Participant: 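Can you read through this structure? Questions will come right after.
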Amino acid sequence: MHRVIVIIGIQLYAIALTVLQSMGNVRTDEAKYLLNIPYPHPPLVRWILNLTEAFPFQEMLWRVVFATLLVQAVWLLWSMGKDLAPRVRIALCASWLLTAAVVVQAGTIMMAPLTALQGLVFTWLWMRRDLEIRRFTPWVALLWLASLFTAYQAALFAPLVLGLLRRATFGWFSALLIAGFPLGLAALYALGNPHSLASFVNAGTDNDGMTLAMVASEFAKTWMVAGSGVLVLAGIAGMLRGREWMLLGTFLFLSLYTFASVHLYYAILFTPLLIAGSVPLLRRTSWLAWPVALLTFIGTAALWPSVHPVFTPDPTRTVMDALNPMPGRGDVLIQGSFGHDWQYESPVPVRTFTVPAIGEAQLVLCRTECPETPLLKTWSSAKIGDWEVYKRP
Amino acid sequence: MLSLVLPTYNEAANLKAILPHLSTALEGIDHEIIVVDDDSPDKTWEVAEGLSKTYPALRVLRRVGRRGLSSAVTEGFGMAKGDVLMVMDSDGQHDPALVPKLYAAVRGIADIGVASRYTQGGSTGGWGGPRLWLSRLATSLASTLPPVRTTDPMSGFFAVSAAGYRRIENKLHPRGFKILLEILRYLPASSRLVEVPLTFGLRREGESKMTLKVQLQFLGQLAGIALQRLKGPWGIFWAACVILLIVLLARVWPIRSLYLSGATRSQVTAVLRDVSAEQGWLLSDMVIERVSATELQIRYSPHIRGRDPRSCVRFALPSADPLECTE
């Protein structure tokens, strides 16, 4: 009964985070997955999301599901801290629930939190040395395959997966075969989807135009969000004190990748490793548990205004709600660069503005002034926010 | 009592050399040695019958019209009287000194004992290069499949308790060389296995029986074990991998020109950019379906909530004028 109450309490927390998240509207990356747009990631999860595309409440449904998964994953942390005193375990779990990465990303419809959850399962198995790992290895292999077909970044947990297979007494050749075959399949999928390869190339140029100091600053911010500051220190200290070289190796591997292509949403990928890393530290210095949890909360409160999407909502939904219902048949043309969230909010296809396409459009949206063209002279125009809108008569 | 089976084919010279060493190793052990010969052209069976006068524990089975190492072993085990059944090669590659160790292991603590080249202290001897790598690859593939695991599932030098063997002998399908793999396939997962390090020696006389046919039989055997284990989660994993491999290869094959030819890649990139600039189509709404040196076929599917409209468009490279698809 006590556990049921805790589950319900944690679930209410997940719903609160979901509501906060939904106030920022659908973001371009989320729209990619909700609409099953075939890049940058493999199709497993976006295919599942796509099954509900016609639901009017698709966005909220999946925000609640994703938030629930991330928040209720705290039970894996509870299990990880099995040999800690109850109050220390509670503090460990509180740290997970309060860390900036979880608060900021719970309820987002992104692949990074899912990859982090998959990584958390691998980390949990790694830390639970009392479990008979051989029993779990086929499920590890299946989860590994599923995680690579959820998002390519799951490859960053390859060292942990290899470590688990080796611990289950698989020889090097067998372990590399079991871990490597799915990696090969993910690479083959990328070859069959040239957009994915193009997005890899683009990701490799993400840091272009940034100085080393700027990259380092963004990277440090990602670390800060991952552990709200204090957990970064506790996690790394714990990995070193507990000689958790596999966790540390995976952490460094992840750091190298993130440094090369720095994005704030990668922060959540570090969080399972940092939390697991803090367990050996708390075994030796249990009095640190509640101070770490408290400092995590303070760090999150300090970081939250600068990183939570609710503070930078896009105008997409406002503009499209003002335009709905759309008067006639035809596409929406948008001038300038725009995100996939416009495709999500529009009931008709969206294209980039070109003069030849005007013949097939019913609406033209321009962020600044629309280009001069006689084709739009007979159209009615209006201003919605910063947007200039032309409607076909 | 130990029943040691020596399967032979054209091993007359090797048999004469190994029997004295075996006799020394088996001193003090109640045993029988069963030579199972596949009607060798060099009359190994006749040599063995002659040697049985010197070695009273020696019995000979001459198989006429039947060939194959695995079936020779199972026939030998079938006529054995001992409570421990063992098999080894008679060509000098297996050390007779390991016979008492394997016997003691199976009598004492294990259901099956394997002389392994890949356990600590073991070695493949003079192997190198492709033969060593092929053996390691085959061993790795084979070691993940049976419920009872050993580092050398393809060893031809092993011992098994007669009681355990009799429980599974009717299920065995003895084909090719790898009878140990077949036995491991059917032994209960709870069977206790002991390994003894083996240093693989060089063949004294004669030539290897490892033909292409035998290697194909081995692959067939692996496939059979894999199918048997498809019931479990490992089967689901490997089945998913194989299905994905086939599906993904079918996706990549029609667009391979994109990767094989820089000129084609440049043309395709230019056409997609031109189409996007002309029609306003988003690149993410265009899926490349087929590419050749002269033609590009895409599926244009603008993403909206609900059913996405789809149309097939073809381009005669390097032109960006859209054409209808022929299919």
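In what follows, every chain begins at residue 1, and chains take the letters A, B, ... in the order their sequences are listed. Given the structure is predicted, the values throughout are model-derived calculations rather than measurements.
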Participant: For A:Val350, is it the side chain, the backbone, both or neither that has a heavy atom under 4.5 Å from a heavy atom of chain B?
Facilitator: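 Contact with chain B is through the backbone of A:Val350 alone.
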
Participant: Relative to chain A, which segment of B:Leu248 carries a heavy atom at a distance below 4.5 Å: side chain, backbone, both, or neither?
Facilitator: both

Participant: Start with the C-alpha distance between B:Arg290 and B:Glu295, add both sets of side-chain angles, then the distance that settles salt bridge (charged side-chain N to carboxylate O under 4.0 Å, His left out), and finish with yes or no.
Facilitator: CA-CA 8 Å; B:Arg290 198 179 303 156; B:Glu295 195 172 274; 5.0 Å; no

Participant: Is it the backbone or the side chain of B:Phe237 that comes under 4.5 Å from a heavy atom of chain A, or both, or neither?
Facilitator: both

Participant: Would you indicate whether the side-chain heavy atoms of A:Met110 and A:Glu30 approach each other to under 4.5 Å?
Facilitator: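 With C-beta onward as the side chain, the pair touches.
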
Participant: So, taking the atom named OG1 in A:Thr28 and the one named NZ in A:Lys32, what distance separates them when rounded to the nearest 0.5 Å?
Facilitator: 6.0 Å

Participant: Does any part of the side chain of A:Val364, heavy atoms only, come nearer than 4.5 Å to the side chain of A:Val389, both counted from C-beta?
Facilitator: no

Participant: Among A:Leu34, A:Val355, A:Leu35, A:Leu191, single out the residue with the greatest number of heavy-atom pairs under 4.5 Å to chain B.
Facilitator: A:Leu191

Participant: At a heavy-atom separation under 4.5 Å, does B:Ala250 approach chain A through its side chain, its backbone, both, or neither?
Facilitator: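 For B:Ala250, no heavy atom lies under 4.5 Å from chain A.
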
Participant: Find the one option among A:Ala357, A:Pro182, A:Pro356 whose heavy-atom pairs under 4.5 Å with chain B are most numerous.
Facilitator: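 Most pairs with chain B among the choices: A:Pro356.
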
Participant: Where on A:Gln58 is there a heavy atom nearer than 4.5 Å to chain B: the side chain, the backbone, both, or neither?
Facilitator: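 The answer is both parts of A:Gln58.
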
Participant: Does atom CH2 of A:Trp379 have more than 12 heavy-atom neighbours from other groups under 6.0 Å away?
Facilitator: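 Yes, because the 6.0 Å sphere around CH2 of A:Trp379 holds more than 12 heavy atoms from other groups.
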
Participant: Relative to chain A, which of B:Ser284, B:Pro309, B:Pro302, B:Gly306 shows the most heavy atom pairs under 4.5 Å?
Facilitator: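 Of the options given, most contacts go to B:Ser284.
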
Participant: Of all heavy-atom pairs between A:Pro347 and B:Ile304, which one has the smallest distance, and what is that distance?
Facilitator: O-CD1, 4.1 Å

Participant: Pick whichever of A:Ala54, A:Ala141, A:Pro38 has the most heavy-atom pairs under 4.5 Å with chain B.
Facilitator: A:Ala141

Participant: For B:Pro254, is it the side chain, the backbone, both, or neither that has a heavy atom closer than 4.5 Å to a heavy atom of chain A?
Facilitator: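 For B:Pro254, neither part sits under 4.5 Å from chain A.
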
Participant: Any chance CZ of B:Arg273 has more than 12 other-residue heavy atoms, nucleotides or ligands included, within less than 6.0 Å?
Facilitator: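 Count not over threshold, so no.
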
Participant: Name the region of B:Ile255, side chain, backbone, both or neither, that has any atom closer than 4.5 Å to a heavy atom of chain A.
Facilitator: side chain

Participant: Would you confirm whether B:Arg265, through its side chain, and B:Leu258, through its main-chain N or O, come within 3.5 Å as a donor-acceptor pair?
Facilitator: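 Side chain of B:Arg265 to backbone of B:Leu258, a donor-acceptor pair under 3.5 Å: yes, one is there.
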
Participant: For B:Ser301, is it the side chain, the backbone, both or neither that has a heavy atom under 4.5 Å from a heavy atom of chain A?
Facilitator: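 Contact with chain A involves no heavy atom of B:Ser301 at all.
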
Participant: Which atoms of A:Thr137 come close to chain B, meaning under 4.5 Å heavy atom to heavy atom: side chain ones, backbone ones, both, or neither?
Facilitator: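 Contact with chain B involves both backbone and side-chain atoms of A:Thr137.
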
Participant: Please rank A:Trp144, A:Tyr39, A:Tyr189 by heavy-atom pairs under 4.5 Å with chain B and give me the top one.
Facilitator: A:Tyr189

Participant: Tell me the closest heavy-atom pair linking B:Arg299 and B:Glu289, and the distance in Å.
Facilitator: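 Of all heavy-atom pairs spanning B:Arg299 and B:Glu289, the closest is NH1-OE2, 3.3 Å.
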
Participant: Using heavy-atom distances under 4.5 Å, tell me whether B:Leu244 contacts chain A through its side chain, its backbone, both, or neither.
Facilitator: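 For B:Leu244, backbone and side chain are both near chain A.
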
Participant: Measure distances from A:Phe55 to the heavy atoms of chain B and classify the residue's part below 4.5 Å as side chain, backbone, both or neither.
Facilitator: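 For A:Phe55, the backbone is the part near chain B, not the side chain.
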
Participant: Can you say whether the rings of A:Phe136 and A:Trp124 are parallel (under 30°), tilted (30 to 60°) or perpendicular (over 60°)?
Facilitator: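 Perpendicular.
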
Participant: Are A:Arg134 and A:Phe170 in a cation-pi setup, meaning NZ or CZ lies under 6.0 angstrom from the ring centre and within 45 degrees of the ring axis?
Facilitator: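 Because its charged atom sits under 6.0 Å from the ring centre and within 45° of the axis, A:Arg134 does stack over A:Phe170.
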
Participant: By a 4.5 Å heavy-atom criterion (distance strictly below it), what part of A:Asn193 contacts chain B: side chain, backbone, both, or neither?
Facilitator: both

